[in-house]
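Encoded as C-alpha cells, here's the structure I'll be asking about.
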Protein chains: 2
Amino acid sequence: MNKPYVVGIDIGGTNTVFGIVDARGVVIASSSIKTQQYADVNEYIDELYKAIMRLLEAHNAVDKIHGIGIGAPNANYYTGMIEKLVNIPWPTPLPLAQMVSEKFGIPVAITNDANAAAIGEMTYGAARGLKNFIMITLGTGVGSGIVINGQVVYGHDGFAGELGHVIMKRNNGRLCGCGRTGCLEAYCSASGVARTAREFLEIRNDDSKLRDIPLDQITSKDVYDAAIAGDPLAKEIFQFTGNMLGEAFADFTVFSSPEAIILFGGLAKSGELLMKPIRESMERNMFPAFKGKVKILPSELKEADAAILGASALGWEAKFPTPATQPAVAPAASAE
Amino acid sequence: MNKPYVVGIDIGGTNTVFGIVDARGVVIASSSIKTQQYADVNEYIDELYKAIMRLLEAHNAVDKIHGIGIGAPNANYYTGMIEKLVNIPWPTPLPLAQMVSEKFGIPVAITNDANAAAIGEMTYGAARGLKNFIMITLGTGVGSGIVINGQVVYGHDGFAGELGHVIMKRNNGRLCGCGRTGCLEAYCSASGVARTAREFLEIRNDDSKLRDIPLDQITSKDVYDAAIAGDPLAKEIFQFTGNMLGEAFADFTVFSSPEAIILFGGLAKSGELLMKPIRESMERNMFPAFKGKVKILPSELKEADAAILGASALGWEAKFPTPATQPAVAPAASAE
C-alpha cells in the first residue's frame, strides 16, 4: 500500500469532524468545523478543504492519502449523493462524493453514519475477523449497519439497514419520527428511553428519584443515573428497553444469522444494565436453531474517535465516483 | 463451459425428484424415487445413483455434468451436512454433499429448498438480472431465500433466511411448529390460512360456504375456492393473510432493501386475491424511503419443475466439498 493514510469525515448537523487515520486505526490528527455555519455548500467544501489540507501539511501527509471516507445522514454509497438534509440548508440531492473528490483529487466514498460505524468496527474494532454481524447504534435514533459475507448491505437503492424502523408494536404503538407508529427507534433510542420514563411516571404511582426531575426534561442519562443508584423504576425502564431490543435482535437473527450484534452509542455504554436484559430477552425469543449462537458485544471504538474511524475505514475502499464525473485535472493515476 | 448440464435433486419427506437441466433451465429429463423407502441412507444413495445414471445414460450425458445441486430440509451450504431430519430415519448430522460427491465423482452443493428456489429464480426465473431480492415460499410452512448483491445469504452458520419465523404477533400469538408463538408461518402458510379459517368460523356467525366443510378438514384450497366463488368470509381470510404478509414485507425491506419479493408455492398461485392485499398492506406499512420501490412478483418457474430447477441451479456453483473429503479415485481433474 503506497498511500499509508485515509481521511475520515463525519458530517453531523452541528459539527463536521475529520481526521487522518493510519491502517491500524490510529487517528494521527483530527479537527472540526461548524457544519451549519456555511449556508452555501461550496463555501463549506472550500473551508473543509482548507482545514484538512492544514492538517495534512502539518503531518507531512499531503501525498499519502489513499482515499477519503465520509459518514453523513442519508448518504447513498452507490450514487455518492446526500439525498436529504435536516437542519442544513444545502440543496439536495447533493453529489457530495463527487464534489469532495474533485476538490481534493482523491477517491471519495460516502455512506450513512451507522454503516460507517459498522465498517469502522470491522476494520479496527470489535468486529475484526467477523464476516457476518449487525451494528446497532443507540443514539438520538436507532441506526444500523448490516454486514454479510464481509460486505455492508446497501440494498438495491443504497438505503438498506434501517433496522430502527422495524415495527415492534403493531397496535397503539408510539409515533415515530418517520411518521409511522411502533418503530423500534420510538422505544429504544435515547429519546425513546426518556419517553418510556415519562410514560411509566405518568401511569404509575410508585416512588422514583426520577420524580425529582421535571417530566419534560428527563433524559436517558437521568434514567441511567437513577438505575445505577438503585432506583427500581429506572431499572425497570432498562429492563423494558432491553427486552424489546432482545425481541428485535431475535428477529434480525432469522434474517441474516449474524455471529454478533455490536452496540454503539450513548445507551450502549449502560453496560450490564442494558446488556443483561437484551441477552436474556434475545435468547428467550430466539428461533431454536440460533439459540446460544449470537454474541452481544459493545463497540470497541473509542467514542471520541469512532465517527472519524468509521468514516475513514470507508476511505480504504473509496474509488473516484464515476469516470464521467472525474475532472480532467484530477491526479487519478497517482492515486492508484 | 465444457460440461453443459447440471443435475438437480430435491429431497422431500416422501419423494426425491431429480433431473438433468441445461444452462437455459430446460429440464432435459427427470424422474423420482421414494425417499422413505430406504431405512439405510447408503441404500438410498445407491438407488439414487442408479436412477440418475440411467437418466444420464439414456440422454448421453454421463460425462457432461458440471455439478450436482441438492435441495433438502435443514441442509447447510457451508458444511454440506443435513443437520436434522423429520420423518426420515437416517442419522444426522448427515454429510450428504460428501457422500453424493464421492458416489458420483462430481462436485455437489446443497442448501435448503427455499434457498434453492431463490437460486433457481435468479438463474432461470422471475429474478433474472436482480441482485437484491427475497424469495418467499408459501407452502406447508413459510420459507425464504434472501439474495443480496447476487449472493444467497447463508449467515455465519449456514442457516440464515428463516423469515417464516419473524414474530408478527407478540401477545397471544398462535403456537408455531418451532415451539414459539406468533411466527409469520403460523398465520401465512397454507396451514396458517386454514387455521385462520377455523378461527373466523368459530368466532363469527356470518354465513360462509366454508361452513359446509367439517371444521377440522378445511384446507387453504377450500378457502381459495370459496373466495373465488365470492364468499365474503373467505375473501376476508385472504385479506387478513395478505395484510400480515405486507406488514412483514415492509419490515424485511428496511433490512435489505430488495428490488423485489418473489412468491412461490401453492398460496402464491392465488393471484390478485392475495397479491392485492399484500401490495396494499406493504405500501401502507412501508418506511417512507422505500415506498413504491419494492415489486411483488409471482415465481416464473413452473411448479412441476421448480424443485429440480432450484436445486440444479446450485449445481453450477458446486465444488467438491473439501479436498480432505475427496476420495483418491474421484475424477477431479476431468470435472474441472
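Every chain is numbered from 1 and lettered A, B, ... according to where its sequence line falls, protein lines coming before strand lines.
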- line: Ranked by heavy-atom pairs below 4.5 Å to chain A, first place among B:Thr253, B:Thr181, B:Ile167 goes to B:Ile167
- line: Max heavy-atom pairs within cutoff under 4.5 Å with chain A, candidates B:Glu83, B:Lys293, B:Glu162, B:Met168, goes to B:Glu162
- request: Look at B:Pro258, B:Ala250, B:Ala289 and state which one has the largest set of heavy-atom pairs under 4.5 Å with chain A.
  value: B:Pro258
Heavy atoms of other groups near B:Lys84 NZ, more than 12 under 6.0 Å: no
message: I need the residue from A:His165, A:Arg180, A:Glu259 with the largest number of non-hydrogen atom pairs under 4.5 Å to chain B.
response: A:Arg180
field: Options B:Phe252, B:Phe290, B:Phe287, ranked by heavy-atom pairs under 4.5 Å with chain A, top entry
entry: B:Phe287
- request: Pick whichever of A:Asp157, A:Ile148, A:Asn149, A:Val153 has the most heavy-atom pairs under 4.5 Å with chain B.
  value: A:Asp157
- prompt: Using a heavy-atom distance cut-off of less than 4.5 Å, which residues of residues 120-136 of chain A contact chain B?
  reply: A:Asn132, A:Ile134
- request: Check whether any side-chain heavy atom of B:Phe255 sits under 4.5 Å from a side-chain heavy atom of A:Ser256, and report yes or no.
  value: yes
query: Looking at A:Cys176, A:Gly179, A:Cys178, A:Cys183, which makes the most heavy-atom pairs under 4.5 Å with chain B?
result: A:Cys178
- request: Among A:Asn285, A:Val294, A:Val254, single out the residue with the greatest number of heavy-atom pairs under 4.5 Å to chain B.
  value: A:Val254
Side chain to side chain donor-acceptor pair (under 3.5 Å) pairs, two or more places apart, involving residues 237-252 of chain B: A:Arg170-B:Asp251, B:Asn243-B:Ser281, B:Asn243-B:Arg284
- prompt: Taking side chain as C-beta onward, heavy atoms only, is B:Ser257 less than 4.5 Å from A:Tyr154?
  reply: no
